[in-house]
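What follows is a set of notes on a single structure, which appears directly below.
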2 protein chains.
Amino acid sequence: MEKQTGKKERIKSIDKALDLLEFLSVNEQETGITEISKKLHMGLSTVHRIITTLKSRGYVIQNQQTTKYRLGIKLFALGCAVQSTKRLVEITKPYLRQLSQVTNETANLAILEGKEVIYLDTIESPEILRTEIMAGTRTPAHCTALGKVLLAFISDGEFESLYKNDEPLTSLTSNSIASLEELKKHLKKVKEQGYALDREEYKIGINCIGVPIFGRNEAIAAISITGPASRFTLDKMEKVKDELITISKKISNQF
Amino acid sequence: MEKQTGKKERIKSIDKALDLLEFLSVNEQETGITEISKKLHMGLSTVHRIITTLKSRGYVIQNQQTTKYRLGIKLFALGCAVQSTKRLVEITKPYLRQLSQVTNETANLAILEGKEVIYLDTIESPEILRTEIMAGTRTPAHCTALGKVLLAFISDGEFESLYKNDEPLTSLTSNSIASLEELKKHLKKVKEQGYALDREEYKIGINCIGVPIFGRNEAIAAISITGPASRFTLDKMEKVKDELITISKKISNQF
DNA sequence: AAGAGGTTTCCGTAATATGGAAAAACAAAC
DNA sequence: GTTTGTTTTTCCATATTACGGAAACCTCTT
């Protein structure tokens, strides 16, 4: 819940509505008005009015049994209309298909949002044993090749403001990078190499190699090949590295 | 831009913000403040304030060159958090995979939104010649098997309010259903059969068969198999029909 | 330099969003 | 069935803020 301050010419009640939607978006459970009111420090009536407005337009749904609320389909529809992600998916799709075919593994596209990556698209391996991840999934950036490659190319200032010294890093597995110092050092190397590996850092049994997609002089997305560690070995990843970097350049030339 | 009226306990400025977001979502091009102001009948300052609020939180992006605006990534992130679509995709995914494998064609999942279907998920055929459609794509419901099967199970009242007598139907191809009378008759048959066909109605050269997914005593989504008309013939569709209906029931039992 | 068109800022005030209190609704316990 | 506790919904006076018109600023074209 990062509320932007400073600038005039903003509308408080809209900020509140967005706070509420964001709160619901990180809540796995349906939520009641009283809890929202407490968590967001808004009056019951205010919450009720906001939620009535959102509900009437399909942005929030109320469960008739529990009387609690969750996000509604309208947000999904709006989300699908976001041109930048649409364009990313459209342009990268043929390349993801190619990569998946050549490697017989799963190919992914993701973007960086805060300290997380969001998966935008995936082309699954036809193998029975394959990695599967749903578009829209969020994972901590520092635990994935995709995320590491994106973090490697953000500015120092941006990195500092995302990763504060006093906040510990999440570890998804015992292989995940666990300290800020280690992460910085690692990202420096990633930046030089132009690709990142994830060796069972995101999930035990899964390896991944990722490369950035550049646009407007920054890394705007990343693509990866990912597979079971038993089959997609370091050897295999090294073999596929150059192909990935080549395709990364081709895609980047389109932005 | 359907603005809900009647109920008290709603907040006008939030309605305005949602109007604006929805307006941008149907606009393929970036849009300026002046045009938004004209189209939505809001003052320039009002538009500016709304858009400044949205921009500061990533819901809208301004192109620095053109100074115009389009939807931002934050909406995509919120859209991905919508539990109902997440759950639909999660539950149907294994079945879509199975269907795609068995038929060697592309399998899709979609929902009804107004008079359109929105594609939620797709498992592509491995064939070189295959149908491809991106999650998030919207198409007129009456031109697709998915849409027809969903329309067949809405209430008469709902149908009447969606499809007014004075508004002509869109035709995507010369095979598309072109009149309301024809559509009603067709949907009646679809409802009895429990499945719908699309024989080059959505796009010349593409056939499709779809079935509904039920939940809470209504059709909440639909799944389909779709392929090139040259290969995915009426014969093939008839062959796959029973499998689709069986799987539709299995999925429906999970809601 | 002037003009046109669009975005951004400013400001007084009318409109509306606010929150507290009460009413209504609901579920659980007795 | 009654009571109690909790949550959602409604109401209302007023403080707050969202509004729109006008001006300033910016960019592009002639």
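A:E22 has a carboxylate O that lies under 4.0 Å from a charged side-chain N of B:K74, or vice versa, which qualifies the two as a salt bridge. One finds a salt bridge joining A:D19 and B:R57 here, because a Lys/Arg side-chain nitrogen approaches an Asp/Glu carboxylate oxygen to under 4.0 Å. We find that B:E192 and B:K188 are not joined by a salt bridge, their nearest charged nitrogen and carboxylate oxygen being 4.0 Å or further apart.
Separating the NZ atom of B:K12 from the P atom of D:dG20 is a distance of 11 Å, rounded to the nearest angstrom. Rounded to whole Å, atom P of D:dA18 lies 6 Å from atom CD1 of A:I11. Between the CD atom of B:E35 and the P atom of C:dG5 there is a distance of 15 Å, given to the nearest Å. Summarising the geometry, the separation between NZ on B:K55 and P on C:dT7 is reported as 11 Å, rounded to the nearest angstrom. When rounded to the nearest whole Å, the span between CE of B:M42 and C1' of D:dG21 equals 17 Å. Rounded to a whole Å, the CG atom of B:L20 is 16 Å from the P atom of D:dA18. Computed from coordinates, the A:K16 NZ to D:dT16 P distance equals 12 Å when rounded to whole Å. Across the protein-nucleic acid pair, A:H48 atom NE2 and C:dA17 atom P stand 15 Å apart, rounded to whole Å.
Between the side chain of B:S45 and the base of D:dG21 there is at least one donor-acceptor pair of N/O atoms closer than 3.5 Å. Donor-acceptor pairing under 3.5 Å, judged by distance alone, is absent between the side chain of A:S13 and the base of C:dT18.
Along DNA chain D, the nucleotide closest to A:I51 and the one closest to B:G43 are compared, and the more 5′ of them pairs with A:I51. Of the two residues near DNA chain C, A:T67 and B:T66, the one whose nearest nucleotide lies more 5' is B:T66. Mapping A:Q62 and B:Q65 onto DNA chain D by nearest heavy atom places A:Q62 at the nucleotide closer to the 5' end.
Taking side-chain N and O atoms only, B:T34 has no distance below 4.0 Å to OP1 or OP2 of C:dG5. Dashed line: the shortest gap from a side-chain N or O of A:Y69 to OP1 or OP2 of D:dT7 is not under 4.0 Å.
Under the 6.0 Å distance and 45° angle rule, B:K115 counts as a cation-pi partner of B:Y163.
Minimum atom distance to the side chain of A:R49 is reached by C:dA17, of the listed C:dA17, D:dA18, D:dC19. Looking at the side chain of A:E9, the nearest of the listed nucleotides D:dT7, C:dT7, C:dT9 is C:dT9. Comparing C:dG6, D:dT9, C:dT16 by their closest approach to the side chain of A:I33 singles out D:dT9.
Minimum heavy-atom separation, A:G210 to A:A145: N-CB, 3.5 Å.
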